[in-house]
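Sequential numbering from 1 along the given sequence is applied to the chain's residues.
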Amino acid sequence: MSRGQSAVEFALISTVALSVMLIGVQFAIIGQAAVSVGQGASALARYAAVNPGTMSPNGSVTASSLPTAAQQLLSSSLLTHSGADLTVTTASYSGSTTTTTNSPGYNDRAVISLSYNASGKIFLPSTTLLGMTFPTTLTGSDSQMYE
């Protein structure tokens, strides 16, 4: 009567365990991309503050339009598909105000915002068996004072 019991129990438990493991891996991949976006925003804000003439002070571009030195500051996992998934928005503000400036000075600040389309990193269906959905757009922003 109990000849196939262990095989049935293994089949039931292994499917649940495999599902939980795959969801965990999916969140780890998205989490790595989110950390990379945050660190990339910080690195690019610092780069823009130290090199004010190399990046457009106000505007939005894809990662492939950035200077080579700025691209090298970003994680290679964000530069897939020729950087088309990553949008970089730069803004230069006069001092602590919200007034934009096209010729940043010593008291001004650079604000960099990144938006990353993470849908290419999602390998599971958008809604899992547990009702979870995975974020498809990751954003990060940072500001630095010009030097």
Measure the shortest side-chain to side-chain distance between Thr87 and Ser60 over non-hydrogen atoms and say whether it is less than 4.5 angstrom. yes
Check for a donor-acceptor pair, side chain of Gln144 on one end and backbone N or O of Ala45 on the other, with a separation under 3.5 Å. no
Indicate the atoms forming the closest heavy-atom contact of Tyr146 with Ala48, along with that distance. CE2-O, 3.4 Å
Just how far is it from atom OG of Ser115 to atom CG of Leu86, taken to the nearest 0.5 Å? 8.0 Å
Is any side-chain heavy atom of Ser113 closer than 4.5 Å to a side-chain heavy atom of Thr139? no
Counting N and O atoms only, with roles assigned by atom type, does the side chain of Asp108 sit under 3.5 Å from a partner on the main chain of Gly95, one being a donor and the other an acceptor? yes
Taking all non-hydrogen atoms of both residues into account, name the closest pair between Arg109 and Thr97 and its distance. NH2-O, 3.1 Å
Please find the pair of heavy atoms, one from Phe123 and one from Gln26, that lie closest to each other, and give the distance. N-OE1, 2.8 Å
Heavy atoms of Lys121 and Ser77 approach each other most closely as NZ-O, 3.5 Å
Quick check on side-chain hydrogen bond (donor to acceptor under 3.5 Å, both in side chains): which of Asn102, Thr100, Thr90, Thr101 does Asn58 satisfy it with? Asn102
Validation row: Leu73, Leu66 side chains within 4.5 angstrom (heavy atoms): no
Minimum heavy-atom separation for Ile122 to Pro135, with atom names? CD1-O, 3.6 Å
For a quick check under 3.5 Å, do Ser36 and Gln32 share a side-chain donor-acceptor pair by atom type? yes
Atom of Gly40, atom of Leu74 and distance for their closest heavy-atom approach: CA-CD2, 3.7 Å
When you check the side-chain N and O atoms of Ser119 and Thr136, is any donor under 3.5 Å from an acceptor? no
To the nearest 0.5 Å, atom OG1 of Thr62 lies from atom CG of Leu79 at 10.0 Å
Using ring pair (Phe, Tyr, Trp, His ring centres under 6.0 Å) as the criterion, list what pairs up with Phe10, not counting sequence neighbours. none
Taking the side chain as C-beta and beyond, is there a heavy-atom pair between Ile30 and Leu138 under 4.5 Å? yes
Drop me the distance from Met145's CE to Ser96's OG, to the nearest 0.5 angstrom. 8.0 Å
Sub-4.5 Å side-chain heavy-atom contact between Pro67 and Tyr47: yes
